[in-house]
Amino acid sequence: MHIQFYTKKGCHLCDEAETMMKLVQEDFPLTWSTIDIETDDESHEKYMMMIPVVEKDGEVLLYGSIGYIDLLDLFENR
């Protein structure tokens, strides 16, 4: 599964979410593209109050505090 991960520098929730994604990646085929919302005006306007955001095919799957179990659920529900 390939997802888009919206983040910004200095976001501790983003750092935690990325750590959880790396843990999930050890057991599941998870890959992501990282988008820094501070370098993209449209993403900044859309997600500035929600980051981190996990999106796939234009659909927001997860946002805010993203844990290991939240990410595992993506594979069970797909």
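Predicted model, so just to flag it, every value in this text is computed and none were measured.
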Under 3.5 Å, sequence neighbours excluded: what are the donor-acceptor pairs made by side chains of residues 37-46?
unit_1, atom_1, unit_2, atom_2, d
T39, OG1, D36, O, 2.8
D40, OD2, S43, N, 3.0
D40, OD2, S43, OG, 2.4

Identify every side-chain donor-acceptor pair in residues 19-35 under 3.5 Å, counting partners at least two apart or on other chains, and give the distances.
unit_1, atom_1, unit_2, atom_2, d
T19, OG1, D15, O, 3.0
Q25, NE2, L30, O, 2.8
T31, OG1, H2, ND1, 2.7
S33, OG, H2, NE2, 2.8

**Prompt:** Hey, quick one: are Y68 and L71 part of the same hydrophobic cluster, counting side-chain heavy atoms closer than 4.5 Å, chains of contacts allowed?
**Reply:** yes
**Request:** Flag yes if M49 and L13 sit in one hydrophobic cluster, no otherwise; membership is Ile, Leu, Val, Met, Phe, Trp, Tyr, and two members link when side-chain heavy atoms are under 4.5 Å apart.
**Result:** no
**Message:** I'd like to check the side chain to side chain donor-acceptor pair (under 3.5 Å) partners of E55; sequence neighbours left out, ordered by chain and number.
**Reply:** Y6, Y47
**Request:** Take L62 and D70 through the side-chain contact (heavy atoms from CB on, under 4.5 Å) test and state the conclusion after the steps.
**Result:** CA-CA 8 Å; L62 299 169; D70 300 318; 4.0 Å; yes
**Item:** Of all pairs that satisfy disulfide (SG to SG under 2.5 Å), the ones with a partner from residues 4-41, not counting sequence neighbours
**Value:** C11-C14
**Message:** Once ring pair (Phe, Tyr, Trp, His ring centres under 6.0 Å) is applied, do any residues pair with Y63, and if so which ones, sequence neighbours excluded?
**Reply:** none
**Asked** Rounded to the nearest 0.5 Å, how far does CD1 of I66 lie from CG of L61?
**Response** 9.5 Å
**Co-membership, hydrophobic cluster, residues M1 and I69, 4.5 Å side-chain** = yes
**Cluster overlap V53 with I3, hydrophobic side-chain contacts below 4.5 Å** = no
